[in-house]
Amino acid sequence: MRSAEVGRVDPSLAGREVRLVGWVHRRRKLGGLSFVDLRDRSGVLQISIGPEWSSPETIEAAGSLGPEDVIRVRGLVQERPEEARNPDMATGDMELRATALEVLNRARTPEIPVYLPPEEELPSEKLRLRHRVLDLRRGELQECLALRHRILLAVRRYFDRRGFLEIETPILTKPTPEGARDFLVPSRLHRGEFFALPQSPQLYKQLLMVAGLDRYLQIARCFRDEDLRADRQPEFTQIDVEASFVEPGDIYRWCEGLMAELAPLAGIGAETPFRRMSYRDAIESYGSDRPDLRHGYPIADLTPVLGELGSTILRRAVAEGGRIRGLRLSGGSRLTRRQIGGIEDAAKAAGAPGLLWAKISEGGATGPLGRFFGDDTGARLGMEAGDLLLAAAGGDRVTSPALAAARSAAISALAPPMVVEDAWLWVTDFPLFEEADDGALAANHHPFVQPHPDDIHLLDSDPLSVRGMAYDLVYNGTELGSGSIRPHDAELQTRILGLLGVEPDEIAVKFGFLLEALGSGAPPHGGIALGADRLVAQFAGRASLRDVIAFPKTTTARASFEGAPTPVASDELAALGIVPK
RNA sequence: GGGGCUGUAGCUCAGUUCGGUUAGAGUGCCGGUCUGUCACACCGGAGGCCGCGGGUUCGAGUCCCGUCAGCCCCGCCA
C-alpha cells in the first residue's frame, strides 16, 4: 500500500512520486491551500494540498479529514520553499504535494488527544489506560516499546553467543507454598484441583540444570497476586538465567558484559566491572540493600562523639544498646527548617520516632541537636561551617531505614552534583534468613539459596547470622535483579526447608520432585533473574512500569482497556467445581 | 488491610477558602472566511448527572457520611 515511510522522506526523494499511509495527526486550512500532518510509526510529514497540484476530488477528500482518520496519499516529494521550512520538525524541510488522497478508515473524535500541543499536560493516567490504543499512538510510548524490543533482542543474542539455550517452562504450574500469593487456575478435568501461574521459573530452571542443560535463558512471564506499586505489576517479565558449574563471579561477569552491551542502546554508561558491596556494608553505610551510589553521603556511626553530649534522648538510646548514626551533608545548612521538616517526615514514614539535626556555622551549631554541641563537637565530626548533620538514635533496625529515607530525601532537596551518573552495584552476601514477625525463621530471598561455606556450621546454632550466596544487581538505587547459587545437595536443601518450619511430610509433598531431582546427580548451579520491565523503565528514564508495558494493569490490578477481570457465570463455575461465596 | 492525593465540558484546568443569580477559561469539536501554514489567524456555534449515592440546609460543585475509580506510599511482594 505504501512505497515509503513518512519519517524517512528526505531530500534524496525530492521530485519522486511516493505513496504514503498513516494517520491524520493535525490539519491546517488556509482556504485554497491546506496542510495535513501525516503520521506513521516512523514520524510525521507535512502533506500539502493545493489547486495547482491536487485534483478537486483530492481537495474535497482533504477537506473532510478529521484527526486520526487513516489515509493513503500519493504525490510528489518536494523540498519546501525556503521561507516555509520548519526547523523544529525532523522532516521540516520536506513535504508531499498530494495528487491523490484516499480515506482508508474514519476515526471518531478521539477521547484523548494523540497530538499534544507544547506545554499541554498528558491526559490523566486513568484515561490513558482506558484508551490505551490512542495513548500508544504517541511516539514517546512507541519509542519505549521499541527500546524494550531492542533490549530483549540483544539479551537473546548475548546469551546465545555464550551457549545459553532459551527454554520455555510451564505457565500452568504447581502452587508454591511460600512467598507471594499465586494466581490459581482451576482444572476442569480434575475438579477441585488447581494449577498456579508461575511466580518465577525458579524450580524449573533448577530442574533443567539437573537435566544437564547447563546454560539456560528465558524471557519469562511471571505472575504474583500481590498489591501493585509504580514498579510492580501482577504480570511481569524476567530475564531468567541459570547455569551449572558456576560461582557468583561467573554470574557477575555475564551480567556485567550484558549491561555493557545493553546500556549503549539507551545512551547510558555501564563501566565494568561493577562495584561490589556486602549486604552488611550496604546497610551500615547507606541503611539500604539497594543504595543509590550516584551520590556520596554515607551514614556514619557518630556514637563516640554525640553520645557524650548532654542530650538525654541520645544518652538513653546509647544506654539501651543503640547507636547514634547520621548523615553529614556538606553545604546542607542552606536548607530551610521546612525542608528539614520534610526530610524528617520521610524518616518518620520509614519508622523513626524522629530525626535530630544541627546546622554548623562559624559561630557554632544550631538546631535541636546543635544546641548540645560543644566548641569542638563539629570539628570532631569532621564538619565545617555550612554543613548540616542529620542523626537518628536507637537500634539499627530503626535507624537504618530511617537514615536511608532521610538520605534520599536530603539528596532530592539539596540536588547536589552526582558523583557518577550511572551507579552500578552488586550487593552480595545477603543473609540466608530473616526473623519473621512471630520470631520464626523466614527466607530472606527464597528457600533455594546456598549458605556461605564459611557460615554453614552456624545453620543450627545461629541461623540468622548465616550469609547466603545471594546477590542483587542495583542500578541507581533500583534493584534490577536478584540471584544466588542454589543448594545442589538434597540433604542440605531439606535441612534449610526444615529450618524454615516446613514439616517433613509437607516437604515431601511440595518439594519432593525437586529433592528427588537433586538426589539424582545435580550439578552445582546458580543464576539470576533480571526484571525486564524495570530494566527497560530505567533505561528509558520512566518512573512507571506502565510506560514500558503495552497493556499494563492499574494500581488496583485491573485491565481497564479490555476490562478484566470479569465475573463468570455460575454454571461455568459449577463446571469447574467452584462454588461462589 | 491501612494512609495520602485526585475526580467540574471530548481533553487540560480554574471555581470549593467563607454554601447564595444563568458553573468559567484554554484547547478540541461543528459551521464560515482565509494560498505557505506548522500551537495558523479571524468570525460564529454546540457542548455540563460538577464521579456516584445519601444527608444537612430556604438553597450544595462548595459542608457531612458512604461508595466507586485513578495515582502515590506503608503492610505485602519466597
NA contact type, [X], heavy-atom cut-off 4.0 Å: base, sugar-phosphate, or nothing?
X        : result
A/Arg546 : sugar-phosphate
A/Leu116 : nothing
A/Tyr115 : sugar-phosphate
A/Glu479 : nothing
A/Gln46  : base
A/Arg108 : nothing
A/Glu119 : nothing
A/Arg130 : nothing
A/Leu228 : nothing
A/Pro67  : sugar-phosphate

Would you indicate, yes or no, if [N] has its OP1 or OP2 atom less than 4.0 angstrom from a side-chain nitrogen or oxygen of [X]?
X        : N      : answer
A/Thr554 : B/rG70 : yes
A/Arg229 : B/rC74 : yes
A/Thr555 : B/rC72 : yes

Indicate the ring-plane relationship of A/Phe183 and A/Phe223, choosing parallel, tilted or perpendicular according to the 30° and 60° boundaries.
perpendicular
Which comes earlier along RNA chain B counting from the 5' end, the contact point of A/Ala349 or that of A/Arg27, where each point is its nearest nucleotide?
A/Arg27
I need the [atom1]-[atom2] distance between [X] and [N], as an integer number of Å.
X        : N      : atom1 : atom2 : answer
A/Glu68  : B/rG28 : CD    : C1'   : 13 Å
A/Asp231 : B/rC74 : CG    : C1'   : 14 Å
A/Asp227 : B/rC71 : CG    : P     : 13 Å
A/His25  : B/rU37 : NE2   : P     : 19 Å
A/Leu127 : B/rC11 : CG    : P     : 5 Å
A/Asp37  : B/rA39 : CG    : C1'   : 11 Å
A/Lys126 : B/rC71 : NZ    : C1'   : 11 Å

Could you check whether [Y] and [X], counting side-chain N and O atoms only, form a donor-acceptor pair closer than 3.5 Å?
X        : Y        : answer
A/Arg106 : A/Ser64  : yes
A/Ser484 : A/Arg486 : yes
A/Gln238 : A/Ser200 : no

Checking contacts here: which listed nucleotide (B/rU12, B/rG70, B/rC38) is nearest the side-chain heavy atoms of A/Thr556?
B/rG70
Ion pair check, A/Asp547 and A/Arg128, cut-off under 4.0 Å:
yes
Are the charged groups of A/Glu79 and A/Arg85 less than 4.0 angstrom apart, N to O?
yes
Using purine N1 to pyrimidine N3 plus N6-O4 or O6-N4 for Watson-Crick, or N1-O2 and O6-N3 for G-U wobble, both under 3.5 Å, which nucleotide pairs with B/rG66?
B/rC52
